[in-house]
Amino acid sequence: MDTNTNTTDTNNINDKVRVRIAPSPSGNLHIGTARTALFNYLFAKKTGGEYVLRIEDTDLDRSSETFKQNIFDSLKALGLNWDEGPDVGGKYGPYKQSERFDIYPKFAQMLIDKGYAYECFCSNEDLDKEHEIALQKKIPYKYSRKCLNLTKEQKDELKAKGIKPSIRFKVESKELVFNDLVKGELKFDTSLIGDFAIMKSNGTPTYNFAVVIDDMLMKITHVIRGEDHISNTPKQILIYEALGAPIPKFGHLGMILAPDRSKLSKRHGATAVSDFIKQGYLTEALLNFVALLGWAPSDGVEIKNVDEIAADFRINEISSSNSIFEYEKLNWMNGQYINKMDISKLTDLAIPFIDMYDLKKYSRPQLEHIIEVTREPITLLAQLENDVKYFFIEPNYTESPEILEILKNENSKKVLEKFLNEVKDYDFGNHEQIHDKLGDLRSYFKETLGLKPKETMWAIRTALTGRTKGADMVATIEILGKDEVIKRLNQALKV
Ligand code: GLU
């Protein structure tokens, strides 16, 4: 390895694009990881490349099967299906690092043999002491290289005592420069990087080592990931160089911050994709929204499906700055998707949010009708629980003084009596007729009692739903059906 400045020359432009998303199963799929997955997916789609899922579970203590399943389910729910991965297999598997533990030591040994790495017998206590001294001297910590020049005898002696070495990469000092696809040219002074561990003393690889070996063996051409990994990139490039392997192109995405500019966390709202889904966000809206965190459509039209985004996607146009996660904008966008979604599909998605009610009360077409007439103002499916309630549960008029006041009003009683008298003869299959008859009722009370049209409607709505606002009145009457309407009018008149 030469010690001068060198700009890393990355992979051959003619290689077929291969990208990967490499989550660690130490938590549910984070919305930020979903965005990284999406950008990889879009890049693969745009370039006719391949998109790989690799599970990075080398840290067995922090990894769990439940989180792994959550990652699978969330990516699938978002439609970010992978071409190769732990479940679907592929040419370069296994795709779970814990199933690749036999691969890493061979490459570590190769680096030792070539003089790029060495065994380190320092204990945690030794290293803690070094850290402490650096802290006292107020200098950045770098490993002392205490074990760099141990002789074979010294190493054998330590091993005979049962001390298992870790393996450290020997970092040469130089200026390392690479062109980041998103951030442009980046320079690093490698003299600031201490010799870092590539294998732990327990025989498992560190993240920086496993990721390079896997990306190399899986023929990954572009590593697109969050900028929180930027400080790892020089270490990884040094390993590629030492291995004599082609170096992928790197693209580091800006971070996603909360509206208050701090790290997005649970106190701001949901952060895991599965939690967003539980709250009633549609996966289409979530995907569309995260695509806009760092990318802008060329025609300025923000509502777009994944195929449209992929067609318009250019990786070098991704913004290098951080993005703000505006929950309010997501809510707005979700509302847009709720309103334009096919009603049958939306009803399927809505059912788990309203299954506390006796859904069997209605036929499927009626249920779809309920969703159709209640979806307009909502931004989250979870809001349906409240908004459809009166279709399933009789109103409790005593819950609100406002409702009681309307129903106790003499004029309201006159409206309800006349409506009750007439509704018995309504044709409930005839939307137009109900519409016209309500119009006649409004005119009648305007002429006779001087009631404003909305006062007449308030009385009826309040009696039928126990609320002053809600779905279209004609539709509400049709859906409730004649018997229920009559029953509720009688109850309201008793107030
Ligand atoms: N396992 C790493 C993470 O979840 C992936 C880093 C990478 O993409 O290289 O952050």
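By convention here, the first residue in the shown sequence is residue 1. Each ligand, and each atom within it, is numbered from 1 in the order the structure gives.
No donor-acceptor pair under 3.5 Å is formed between the side chain of K170 and the backbone N or O of Y116.
No side-chain donor-acceptor contact under 3.5 Å links N208 and T206.
Contact residues of ligand 1 (protein heavy atom closer than 4.0 angstrom to a ligand atom; sorted by chain and number): R20, A22, P23, S24, E56, Y207, V211, R225, H229.
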_Under the criterion salt bridge (charged side-chain N to carboxylate O under 4.0 Å, His left out), I'd like the reasoning laid out for K263 against D228: C-alpha separation, chi angles, the key distance, then a yes or no._
CA-CA 12 Å; K263 188 168 177 250; D228 47 336; over 6 Å; no

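More than 12 heavy-atom neighbours from other residues, nucleotides or ligands sit within 6.0 angstrom of NZ on K155.
A distance of 6.0 Å or more separates the ring centres of Y281 and Y337. Two rings, from F325 and F289, have their centers less than 6.0 Å apart.
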